[in-house]
Student: 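Handing you a structure now.
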Amino acid sequence: MPPEQFFPHAEIEPKWQRRWEDEGLHRAGAHPDRPKFYLLEMFPYPSGHMHMGHVRNYSIGDALARFLRMRGHDVLYPMGFDAFGLPAENAAIKAAKEEGKSLNPAPFTEGCIASITADLKRMGFSHDWTRELATCRPEYYRWNQVIFLRMLERGLAERRSAAVNWCPECQTVLANEQVHDGKCWRHTETDVELRQLDQWFLKITDYAEELLSELDSLDGWPEHVKLMQRNWIGKSHGTLVRFPLADRRPGEPEHIEIFTTRPDTLFGVTFMVIAPEHPLAHRLARGTEREAEVRSFLNRVAAQDRSVRTAEDREKEGIALGREAINPLNGDRVPIFAANFVLMEYGTGCIMAVPAHDQRDFEFAKKYDVPIRVVIQPEGETLDPAAMTCAHVDPGVQVNSGAFDGMPSTEGIERIADHVVEQGLGKKTVQFKLRDWLISRQRYWGTPIPVIHCDDCGPVGVPEHQLPVRLPEDVDFAHDGNPLESSRSFQEGAACPRCGRAARRETDTMDTFIDSSWYFHRYLDPGNAGRPFDPALEERWLPVDQYIGGVEHAIMHLLYARFFTKVICDLGLATHREPFKRLFTQGMVCMEHTFADGTTRSVKMSKSLGNTVDPRIHIGNRHLGGSTEGKTGADALRLFMLSDSPPDSQLDWSDEGMDGASRFVHRVWRFFTQRADRLSGRSGAGFENLTGDDLNFHREVHAAIQGVTQDYGRFGFNTAIAKGRQLFRALEMHAERGASAALTAHGARIFLVLMAPIMPHLCDELWERLGHAESIFTTPWPEADPSALAVDEVTVVVQVLGKLRGRVTVPAGSDQAAVEAVARAEGNVAKHLEGKTVRKVVFVPDKMINFVAS
RNA sequence: GCCGGAGUGGCGGAACUGGCAGACGCUGGGGACUUAAAAUCCCCUGGCCCCGUGGGGCCGUGUGGGUUCGAGCCCCACCUCCGGCACCA
């Protein structure tokens with residue numbers, strides 16, 4: 001072959017992409033005899049075209065997929081599209097309202113999918129495209145509907161009226177997880193409103209305990225992700241205590257029930273607080289002289305939206321209802337307030353307030369001049385309620401607590417709770433912060449909820465044989481509101497499945513997080529028309545051995561997917577209760593951006609900041625029918641994506657770094673094409689009796705095998721590449737000076753194999769040019785030979801008093817006496833030991849010797 | 001405020017389990033090739049200092065202390081940055 005200056009990526013990369021596809025090299029399930037490995041990456045939203053974030057994520061997964069295949073695994077590495085959601089629908093609305101055109105989200109989305117698919121293929125990612133799916137297709141979403149109906153049968157899905165989060169911008173309700181700081185997760189400027197509506201919920205709280213406890217078994221998950229889930233689930237042990245209502249009037253409940261995690265402070269209760277939305281708030285004040293005042297307060301707080309009420313400044317505001325409750329432990333009468341800081345959704349919507357030992361209660365008591373009663377004294381200190389400036393929340397000794405005086409409060413928690421239970425005043429219980437999952441969305445571009453509302457029978461599930469309930473096409477995006485409401489064909493002929501009478505179809509669609517909660521099951525059997533997937537396939541392939549994705553999905557997506565996996569098991573469809581054995585959270589692609597205030601920082605690439613680099617600059621767009629060829633090609637881009645940072649931290653884009661990667665690709669190309677003859681020698685094994693450069697080079701080759709193999713196994717792509725570059729440098733030098741051409745050829749082959757997962761096109765092409773008929777990806781991964789790694793001489797570091805003073809070369813395995821003798825003789829060491837007495841010698845064989853002298 | 005994670009050259013980052021700090025890359029500098037440039041290749045590149053140009057010394061992994069023969073790594077305190085949660089009773 002003639003020497004060539006530059007790697008002709010625009011020809012060679014597509015050549016191998018075609019060949020791999022033709023040979024079905026990436027098809028999963030081809031080797032049932034091999035150990036399975038399910039490698040999953042979070043599927044993309046098809047937003048027009050591939051961006052740099054995709055390039056990085058899939059470069060990571062693909063390198064791993066190719067490595068694992070070469071290591072003898074039957075790898076399932078699928079790809080699909082999370083294709084429902086607001087962007088496509090908003091594009092349709094914009095087209096209709098601003099441009100007066102009609103744009104149907106379905107063909108629009110399919111166009112985006114085609115474009116991004118072409119981009120991904122042009123990167124040479126080894127996905128098994130025979131399993132491709134898109135969640136917006138009826139063949140997929142009908143199974144969302146089936147799963148929903150089965151959940152409905154089992155009471156895991158239910159419709160109920162609740163105060164729900166409404167985003168005026170999205171024109172739909174949101175799940176709790178989708179509200180951050182009172183703002184919509186997609187619109188950080190938009191306040192979320194509370195509305196009382198009838199909506200569909202999935203009872204994820206039924207699984208709270210299991211979702212929490214099984215986190216402990218997920219050894220392959222990053223601790224911080226597990227921690228975020230634990231915090232979100234928010235389990236706390238406590239006690240429900242009933243406080244009798246004083247001066248009870250007809251129609252009023254006998255008790256006010258509260259939840260507390262601190263029964264040790266029960267004797268310190270000086271007031272009660274009820275949430276303003278609590279139905280009792282109005283009722284208790286009715287007929288009292290305070291009624292008007294209370295009503296105006298409650299109305300004012302209710303009118304405040306969530307973000308104001310829970311804002312950082314969090315000024316506590318409340319009002320006495322003019323009523324009292326009785327502390328069941330000591331018979332004290334305590335006033336009842338309504339206040340903004342008590343949440344209706346948590347616990348019972350009502351609390352006991354212990355200002356001495358709870359900071360919030362303390363602040364409130366100070367403001368409204370409620371007495372403070374100390375019931376826990378810190379060790380060696382006496383608290384004076386009048387002098388306190390903050391609550392004492394730490395443990396201490398019980399005081400003013402009747403029979404419990406003198407007891408450590410840590411014990412008091414248990415003992416007083418026991419006492420409450422024995423006296424029939426309440427019971428021990430567990431509370432979770434986790435709420436049920438609100439899945440209704442008042443939008444078009446999602447899975448229709450398969451329910452029919454009948455005036456007589458109520459909401460009735462659509463029979464499974466009538467599924468899928470398809471999205472209609474006669475929809476109008478030019479007007480506000482859910483387009484499903486105005487579609488004629490959608491409602492046409494709707495009849496109650498139970499009584500047969502004319503009825504109305506549910507027009508809510510499902511939260512798109514439903515789609516991504518089980519897509520990894522569907523990949524196993526994407527064409528199955530009879531059920532969501534074959535259980536035998538689930539048995540073989542699940543759990544996902546390695547899941548890779550962004551940490552931004554640490555709570556929502558991962559929690560929902562874990563929930564669905566358990567539900568799917570309980571529906572009898574599958575057996576594995578945890579979906580993802582190992583989780584890896586990759587970092588973002590960032591680029592320098594100068595902000596308005598003049599500061600420059602490296603921040604996530606985003607369209608809105610304009611600090612983006614389009615990957616198509618590098619891979620071209622000819623595959624999309626365009627005319628540009630691409631600057632550097634896919635392999636150079638992949639190399640850069642993996643070489644500059646560890647994959648779990650952010651990657652800073654740099655044009656210079658990209659040039660460096662491209663230079664390396666060309667350099668490798670040049671080296672191989674210029675020395676084709678010398679490198680094509682086929683003699684493989686049996687490099688004995690090597691000497692000098694040959695021996696050293698052989699050792700470097702095997703050290704590289706060992707190092708690179710270990711690095712791939714722990715996502716150390718950046719260090720694997722560093723070792724690959726080192727090996728390449730050694731290879732260049734050995735080609736110049738080494739005695740054995742067979743050994744150079746061997747080293748060259750190893751280099752190609754080790755780097756193939758990262759630069760697959762380049763390596764497969766060069767592999768072929770070295771005379772191999774089969775793809776490099778069918779060769780087994782090399783093993784490092786321990787005897788090749790052995791050295792007969794080692795450099796031992798010599799220290800005097802822990803400071804480096806010299807190095808000596810000794811035979812490997814030399815004992816302390818031998819090394820000591822050589823070390824003492826070394827010039828600089830001798831100088832430093834002069835006039836000193838050696839008191840101790842620390843010796844680490846083959847590494848270091850330290851003279852402790854004075 | 002609480003809970004996590006991280007601070008290493010001009011920059012991105014290496015350093016297994018406490019044993020040569022700065023692998024690999026980028027930037028910068030010098031040189032070779034060339035009429036010249038590009039491309040390519042080679043050498044140098046943490047700071048300060050000493051002499052004989054080969055070496056030698058001191059300092060150096062956010063700050064202050066500690067443990068150890070020896071600390072980027074372990075312990076204590078503090079500072080800064082990033083991420084998450086935030087009235088959850």
Side-chain angles (χ1 to χ4, degrees), chain A residues 5-6 180-181 222-232 234-236 238 258-262 265 273 275 309-312 314-316 339-343 345-354 357-361 363-364 431-435 551-552 554-555 585 590 602 639-640 643-646 648-661 663-664 666-667 670 707 710 714 716 718-726 728-729 732 795-807 827-828 831-832 838-844 847-853:
Chain A
Q5 277 294 101
F6 299 108
H180 300 147
D181 295 331
E223 280 306 319
H224 69 278
V225 173
K226 288 194 276 187
L227 191 77
M228 280 192 248
Q229 294 222 346
R230 278 190 196 105
N231 290 342
W232 188 261
K235 179 179 181 176
S236 53
I258 59 92
F259 172 77
T260 180
T261 55
R262 293 292 303 275
T265 64
V273 190
R309 210 177 121 186
T310 58
E312 325 71 73
R314 63 179 88 147
E315 176 70 20
K316 291 182 178 37
N340 61 348
F341 71 98
V342 173
L343 305 175
E345 315 85 82
Y346 186 78
T348 62
C350 191
I351 64 158
M352 66 177 208
V354 186
H357 306 294
D358 181 283
Q359 186 58 28
R360 299 157 296 186
D361 300 348
E363 287 167 28
F364 191 85
Q431 277 288 330
F432 292 93
K433 279 197 256 182
L434 183 68
R435 317 277 157 71
V551 72
E552 66 273 20
I555 296 173
T585 53
C590 297
S602 183
L639 178 65
F640 176 67
S643 65
D644 248 37
S645 288
D648 53 351
S649 48
Q650 73 169 46
L651 173 76
D652 292 311
W653 177 267
S654 108
D655 288 331
E656 293 79 15
M658 184 61 230
D659 289 345
R663 251 194 317 270
F664 185 65
H666 292 310
R667 186 172 176 155
R670 210 172 296 128
Q710 273 172 13
R714 56 171 190 91
N718 54 331
T719 51
I721 290 166
K723 288 171 182 126
R725 284 177 179 271
Q726 259 172 313
F728 182 69
R729 186 90 188 88
E732 284 179 317
T795 301
V796 172
V797 171
V798 187
Q799 298 179 350
V800 177
L801 280 168
K803 279 187 188 291
L804 174 70
R805 297 301 178 191
R807 296 183 176 86
N828 197 42
K831 201 172 91 193
H832 282 273
V838 174
R839 307 208 170 273
K840 188 176 167 188
V841 180
V842 181
F843 178 64
V844 181
K847 281 213 157 145
M848 187 237 30
I849 188 162
N850 185 10
F851 295 101
V852 185

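What's counted below: heavy atoms across the whole structure, side chains too, no hydrogens, waters or symmetry copies. Chain identifiers are assigned alphabetically (A, B, ...) following the order of the sequence lines, protein sequences preceding nucleic acid strands; residue numbering begins at 1 within each chain.
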Student: List in chain and number order the residues that pass side-chain hydrogen bond (donor to acceptor under 3.5 Å, both in side chains) with Lys235(A), two or more places apart in sequence or in another chain; answer none if no residue qualifies.
Tutor: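 Testing Lys235(A) for side-chain hydrogen bond (donor to acceptor under 3.5 Å, both in side chains), a comparison that skips the adjacent residues, returns Glu209(A).
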Student: Does Arg667(A) make a side-chain N or O approach to OP1 or OP2 of C41(B) shorter than 4.0 Å?
Tutor: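 Affirmative; the distance criterion is met.
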Student: Checking His832(A) now: which residues fulfil ring-ring contact (aromatic ring centres under 6.0 Å, His included) with it, not counting sequence neighbours?
Tutor: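 So His832(A) forms no ring-ring contact (aromatic ring centres under 6.0 Å, His included) with any residue.
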Student: Sticking with atom C1', work out how far G19(B) lies from C24(B), rounded to a whole angstrom.
Tutor: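 Going atom to atom, C1' in each nucleotide, I get 23 Å.
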Student: Can you measure Asn231(A) atom CG to G1(B) atom P for me and round it to whole angstrom units?
Tutor: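 Value for this atom pair: 18 Å.
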Student: So Gln431(A), base contact, sugar-phosphate only, or nothing? Heavy-atom distance under 4.0 Å.
Tutor: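 Result for Gln431(A) = nothing.
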Student: For the C1' atoms, the ones on G62(B) and on G72(B), what distance do you get once it is rounded to whole angstrom?
Tutor: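 Looking at atom C1' only, G62(B) and G72(B) are 12 Å apart.
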Student: Evaluate the criterion side chain to side chain contact (heavy atoms under 4.5 Å, CB included) for residue pair Thr719(A) and Arg714(A); output intermediate values, then yes/no.
Tutor: CA-CA 10 Å; Thr719(A) 51; Arg714(A) 56 171 190 91; 3.3 Å; yes
Student: Can you check whether Arg663(A) has a side-chain N or O nearer than 4.0 Å to OP1 or OP2 of C26(B)?
Tutor: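 Affirmative; the distance criterion is met.
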Student: Which distance, rounded to the nearest 0.5 Å, do you find between the OG1 of Thr348(A) and the CG of Leu343(A)?
Tutor: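 Thr348(A) atom OG1 to Leu343(A) atom CG measures 11.5 Å (nearest 0.5 Å).
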Student: Using a 4.0 Å heavy-atom cut-off, does Gly347(A) contact any base of the nucleic acid, only the sugar-phosphate backbone, or nothing at all?
Tutor: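 Answer is nothing: Gly347(A) stays at 4.0 Å or more from every strand.
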Student: Is Ile351(A) touching bases, backbone alone, or none of the nucleic acid, heavy atoms closer than 4.0 Å?
Tutor: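 The answer is base, as Ile351(A) lies within the cut-off (heavy atoms under 4.0 Å) of a base atom.
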Student: Aromatic rings Phe6(A) and His666(A): how do their planes relate, parallel, tilted or perpendicular, breaks at 30° and 60°?
Tutor: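 Rings of Phe6(A) and His666(A): perpendicular, as their planes differ by over 60°.
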Student: Using a cut-off of 4.0 Å between protein heavy atoms and nucleotide atoms, how would you tag nucleotides 28-34 of chain B 5' to 3' with B, S and -?
Tutor: -------
Student: Tell me which of Ser236(A) and Ile721(A) sits closer to the 5' end of RNA chain B, going by the nucleotide each one is nearest to.
Tutor: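 On the 5' side of the pair lies Ile721(A).
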Student: In Å and rounded to the nearest 0.5 Å, what is the CE to CG distance from Met352(A) to Asp358(A)?
Tutor: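 Those atoms lie 9.0 Å apart.
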Student: Kindly write out the residues that satisfy side-chain hydrogen bond (donor to acceptor under 3.5 Å, both in side chains) with Gln359(A), not counting sequence neighbours, or none if the list is empty.
Tutor: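 In terms of side-chain hydrogen bond (donor to acceptor under 3.5 Å, both in side chains), with neighbours along the sequence ignored, Gln359(A) is linked to Glu363(A).
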Student: Sequence neighbours left out, what passes side-chain contact (heavy atoms from CB on, under 4.5 Å) with Thr585(A)? Give chain and number order.
Tutor: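 Here the qualifying residues are Pro222(A), His224(A), Val225(A), Val551(A), Leu583(A).
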Student: Phe851(A): which residues meet the ring-ring contact (aromatic ring centres under 6.0 Å, His included) condition with it, sequence neighbours left out?
Tutor: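 Result, ring-ring contact (aromatic ring centres under 6.0 Å, His included) vs Phe851(A): none returned.
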Student: What integer number of Å spans the P atoms of U63(B) and G10(B)?
Tutor: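 Each nucleotide's P atom is 14 Å from the other's.
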Student: Name the residue closer to the 5' end of RNA chain B, choosing between Asp361(A) and Ser654(A) according to the nucleotide with the nearest heavy atom.
Tutor: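 Going by which nucleotide is closer to the 5' end, it is Ser654(A).
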Student: Classify the nucleic acid contact of Arg230(A) as base, sugar-phosphate or nothing, counting any heavy atom under 4.0 Å across all strands shown.
Tutor: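 No contact at all - Arg230(A) keeps every heavy atom at 4.0 Å or more from the nucleic acid.
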Student: Please work out if Met228(A) contacts a base, only the sugar-phosphate, or nothing of the nucleic acid, heavy-atom cut-off 4.0 Å.
Tutor: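 Since only primed, P, OP1 and OP2 atoms lie under 4.0 Å of Met228(A), the category is sugar-phosphate.
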Student: Categorize Thr261(A) for me: base, sugar-phosphate, or nothing, with a 4.0 angstrom heavy-atom threshold over every strand shown.
Tutor: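 If one applies the 4.0 Å heavy-atom cut-off, Thr261(A) turns out to touch the sugar-phosphate alone, with no base involved.
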Student: Under 4.0 Å between a side-chain N or O of Lys840(A) and OP1 or OP2 of C69(B)?
Tutor: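 Yes, within the criterion.
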Student: If the P atom of G25(B) is compared with that of C43(B), how far apart are they to the nearest Å?
Tutor: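 It comes out at 11 Å once rounded to the nearest Å.
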Student: I'd like to know if Lys316(A) reaches the base of C87(B) with its side chain such that a donor and an acceptor end up less than 3.5 angstrom apart.
Tutor: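 Answer yes: a donor N or O sits under 3.5 Å from an acceptor.
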Student: Measuring only the P atom in each nucleotide, how far is C11(B) from G5(B)? A whole number of Å is fine.
Tutor: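 Nearest-Å result for C11(B) against G5(B) at atom P: 26 Å.
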Student: Under 4.0 Å: is that the gap between some side-chain N or O of Asn718(A) and OP1 or OP2 of A14(B)?
Tutor: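 For A14(B), OP1 or OP2 has a side-chain N or O of Asn718(A) closer than 4.0 Å.
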Student: Expressed as a whole number of angstroms, how long is the span from Arg807(A):CZ to G19(B):P?
Tutor: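 Whole-Å distance recorded here is 16 Å.
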Student: Going by side-chain hydrogen bond (donor to acceptor under 3.5 Å, both in side chains), name the residues that satisfy it together with Gln229(A), two or more places apart in sequence or in a different chain.
Tutor: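 Here the qualifying residues are Arg562(A).
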Student: Can you check the distance between A15(B) and U68(B), where both ends of the measurement are the P atom (answer in whole Å)?
Tutor: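 Nearest-Å result for A15(B) against U68(B) at atom P: 29 Å.
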Student: What residues, two or more places apart in sequence or in another chain, satisfy side-chain contact (heavy atoms from CB on, under 4.5 Å) together with Glu223(A)?
Tutor: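 Counting only residues at least two positions away or on another chain, Glu223(A) forms a side-chain contact (heavy atoms from CB on, under 4.5 Å) with Lys226(A), Arg230(A).
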Student: With rounding to the closest Å, how many angstrom separate the P atoms on A23(B) and U45(B)?
Tutor: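 Here A23(B) and U45(B) have their P atoms 10 Å from each other.
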Student: If a protein heavy atom is under 4.0 Å from the base, mark B; if only from the sugar-phosphate, S; if neither, -; do that for nucleotides 45-59 of chain B going 5' to 3'.
Tutor: -----------SSSS
Student: Is Arg729(A) near enough to C42(B) that one of its side-chain N or O atoms lies under 4.0 angstrom from OP1 or OP2?
Tutor: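 The answer is yes; a side-chain N or O of Arg729(A) sits under 4.0 Å from OP1 or OP2.
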Student: Go through the structure and list residues passing side-chain contact (heavy atoms from CB on, under 4.5 Å) with Arg667(A), not counting sequence neighbours.
Tutor: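 Scan of Arg667(A) (side-chain contact (heavy atoms from CB on, under 4.5 Å), adjacent residues dropped) gives Arg670(A), Phe728(A), Arg729(A), Glu732(A).
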Student: For RNA chain B, what dot-bracket results from Watson-Crick or G-U pairs at under 3.5 Å, with [ ] for crossers and | for inter-strand partners?
Tutor: (((((((..(((......[....))).(((((.......))))).(((((....)))))..(((((..]....))))))))))))....
Student: State which residues pass side-chain contact (heavy atoms from CB on, under 4.5 Å) with Lys433(A); sequence neighbours excluded, sorted by chain then number.
Tutor: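 By the side-chain contact (heavy atoms from CB on, under 4.5 Å) rule, Lys433(A) matches Tyr346(A).
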Student: Looking at every strand, decide which applies to Asp358(A) at a 4.0 Å heavy-atom threshold: base, sugar-phosphate, or nothing.
Tutor: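 Nothing, no heavy atom under 4.0 Å.
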